[in-house]
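Written out below as structure tokens is the structure these notes cover.
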Amino acid sequence: QVQLVESGGGLVQAGGSLRLSCAASGRTFSTYAMGWFRQAPGKEREFVAAKNWSAGISYYPEFVKGQFTITRDNDKNTVYLQMNNLKPEDTAVYYCAATPRASRLWVLESYDYWGQGTQVTVSS
């Protein structure tokens, strides 16, 4: 079992940065692939970042490449999402997720565990 708790959201002006954290419990955390998704009001949850740590491969959709970065600190059992040059359209609830799978990490259904989400609001 893996439990995930996000933090680090808040209100930021356009052009600013935020770093989201996802604290994970469970001994198998280090072997899991991790992802970040977001959901804006009235929209479906969408993929923004993931990493297969075993293979060292990161995945990002085109619309956040160069803007978002996923990293991990194994000693702290924590995954981060560094978000730079934020825009009002980045406003959403951000969720981290974990999976023992190594493929299709950009797909919601690939993940078994989800955090409760953290709100990010970007003002113009």
Side-chain angles (χ1 to χ4, degrees):
Q1 189 77 8
V2 175
Q3 292 185 324
L4 305 172
V5 179
E6 300 97 333
S7 61
L11 175 64
V12 63
Q13 288 189 331
S17 298
L18 278 177
R19 188 178 76 162
L20 306 183
S21 300
C22 174
S25 63
R27 293 183 299 170
T28 56
F29 167 74
S30 62
T31 65
Y32 275 46
M34 300 294 294
W36 286 92
F37 292 75
R38 69 185 184 188
Q39 188 165 19
K43 295 189 176 181
E44 293 187 349
R45 195 169 297 190
E46 65 178 357
F47 167 71
V48 295
K51 188 160 185 174
N52 177 339
W53 306 102
S54 300
I57 301 173
S58 300
Y59 302 89
Y60 303 95
E62 282 299 323
F63 61 85
V64 303
K65 277 186 179 178
Q67 184 188 2
F68 290 4
T69 305
I70 183 171
T71 59
R72 183 173 76 176
D73 185 333
N74 278 339
D75 290 339
K76 296 182 179 179
N77 270 13
T78 299
V79 173
Y80 303 98
L81 182 68
Q82 178 67 43
M83 305 186 296
N84 298 324
N85 191 26
L86 285 162
K87 310 175 183 66
E89 51 265 40
D90 294 318
T91 294
V93 177
Y94 284 71
Y95 299 88
C96 71
T99 177
R101 302 172 186 84
S103 61
R104 295 174 57 82
L105 297 180
W106 52 90
V107 176
L108 247 74
E109 290 75 16
S110 296
Y111 292 85
D112 295 333
Y113 305 100
W114 291 86
Q116 83 290 348
T118 185
Q119 176 71 48
V120 171
T121 303
V122 184
S123 63
S124 57

Ser17 versus Asn84, side-chain donor and acceptor atoms under 3.5 Å = yes
query = Which value, rounded to the nearest 0.5 Å, describes the distance between Ser124 atom OG and Glu89 atom CD?
reply = 10.0 Å
inquiry  = Quick check on the hydrophobic clustering: are Val48 and Val120 connected, directly or via other members, by side-chain heavy-atom contacts under 4.5 Å?
reply    = yes
query = Where the side chain of Glu6 meets the backbone of Leu20, is there a donor-acceptor pair that is under 3.5 Å apart?
reply = no
query = Side-chain heavy atoms under 4.5 angstrom apart, residues restricted to Ile, Leu, Val, Met, Phe, Trp, Tyr: same cluster for Val93 and Val12?
reply = no
query = Do you know the tightest heavy-atom contact between Asn74 and Arg72?
reply = OD1-NE, 2.7 Å
task = Evaluate ring-ring contact (aromatic ring centres under 6.0 Å, His included) for Tyr59 paired with Phe47, printing each intermediate quantity in order.
result = CA-CA 9 Å; Tyr59 302 89; Phe47 167 71; 7.4 Å; no
ask   = Counting N and O atoms only, with roles assigned by atom type, does the side chain of Tyr113 sit under 3.5 Å from a partner on the main chain of Cys96, one being a donor and the other an acceptor?
value = no
message = Testing the basics here: between Thr118 and Gly9, what is the closest heavy-atom pair and its distance to 0.1 Å?
response = OG1-N, 3.2 Å
message = Does Arg19 qualify as a cation-pi partner of Tyr80, given the criterion of NZ or CZ under 6.0 Å from the six-membered ring centre and within 45 degrees of its axis?
response = yes
query = Does some side-chain heavy atom of Leu4 sit less than 4.5 Å from a side-chain heavy atom of Tyr95?
reply = no
ask   = Is the NZ atom of Lys87 crowded by more than 12 outside heavy atoms at less than 6.0 Å?
value = yes
message = One pair to check against side-chain contact (heavy atoms from CB on, under 4.5 Å): Trp53 and Thr31. What are the steps and the verdict?
response = CA-CA 7 Å; Trp53 306 102; Thr31 65; over 6 Å; no
task = Please report the shortest heavy-atom distance between Ala40 and Thr91, naming the atom on each side.
result = CB-O, 3.7 Å
query = Taking all non-hydrogen atoms of both residues, which atom of Leu18 and which atom of Leu86 are closest, and how far apart?
reply = N-CD1, 3.9 Å
inquiry  = Under the salt bridge (charged side-chain N to carboxylate O under 4.0 Å, His left out) definition, can you give me all pairs with a residue in residues 54-65, not counting sequence neighbours?
reply    = Glu62-Lys65
ask   = Passes side-chain contact (heavy atoms from CB on, under 4.5 Å), Asn52 versus Leu105? Steps please.
value = CA-CA 8 Å; Asn52 177 339; Leu105 297 180; 3.9 Å; yes
query = If you take all heavy atoms of Ala33 and Arg101, which pair is closest and at what distance?
reply = CB-O, 3.5 Å
query = Is a side-chain donor or acceptor of Gln67 paired with a backbone partner of Met83 at a separation under 3.5 angstrom?
reply = no
inquiry  = Can you pull out every disulfide (SG to SG under 2.5 Å) where at least one residue sits in residues 47-90? Sequence neighbours excluded, please.
reply    = none
query = Do the side chains of Phe37 and Ile70 join up, straight or via other hydrophobic residues, at under 4.5 Å, putting them in one cluster?
reply = no
inquiry  = Has Ser110 got a side-chain atom pairing as donor or acceptor with Arg104's backbone, closer than 3.5 angstrom?
reply    = yes
request  = Give, for atom CH2 of Trp114 and atom OG1 of Thr99, the distance between the pair rounded to the nearest 0.5 Å.
outcome  = 10.0 Å
query = Between Gln82 and Phe68, is there a donor-acceptor pair closer than 3.5 Å when you use the side chain of the first and the backbone of the second?
reply = no
ask   = Hey, what do you get for CD (Glu46) to CD (Gln39), rounding to the nearest 0.5 Å?
value = 9.5 Å
query = Is there a chain of hydrophobic side chains (I, L, V, M, F, W, Y, each step under 4.5 Å between heavy atoms) that links Phe63 to Leu81?
reply = yes
note = All heavy atoms of Tyr111 vs all of Ala97, minimum pair found to be CD2-CB, 3.4 Å
All side-chain hydrogen bond (donor to acceptor under 3.5 Å, both in side chains) counterparts of Gln119, not counting sequence neighbours = Thr121
request  = Inspect the surroundings of CD in Gln3 and state if more than 12 heavy atoms from other residues, nucleotides or ligands are less than 6.0 Å away.
outcome  = no
message = Could you check whether atom CD of Gln13 has more than 12 heavy atoms from other residues, nucleotides or ligands sitting under 6.0 Å from it?
response = no
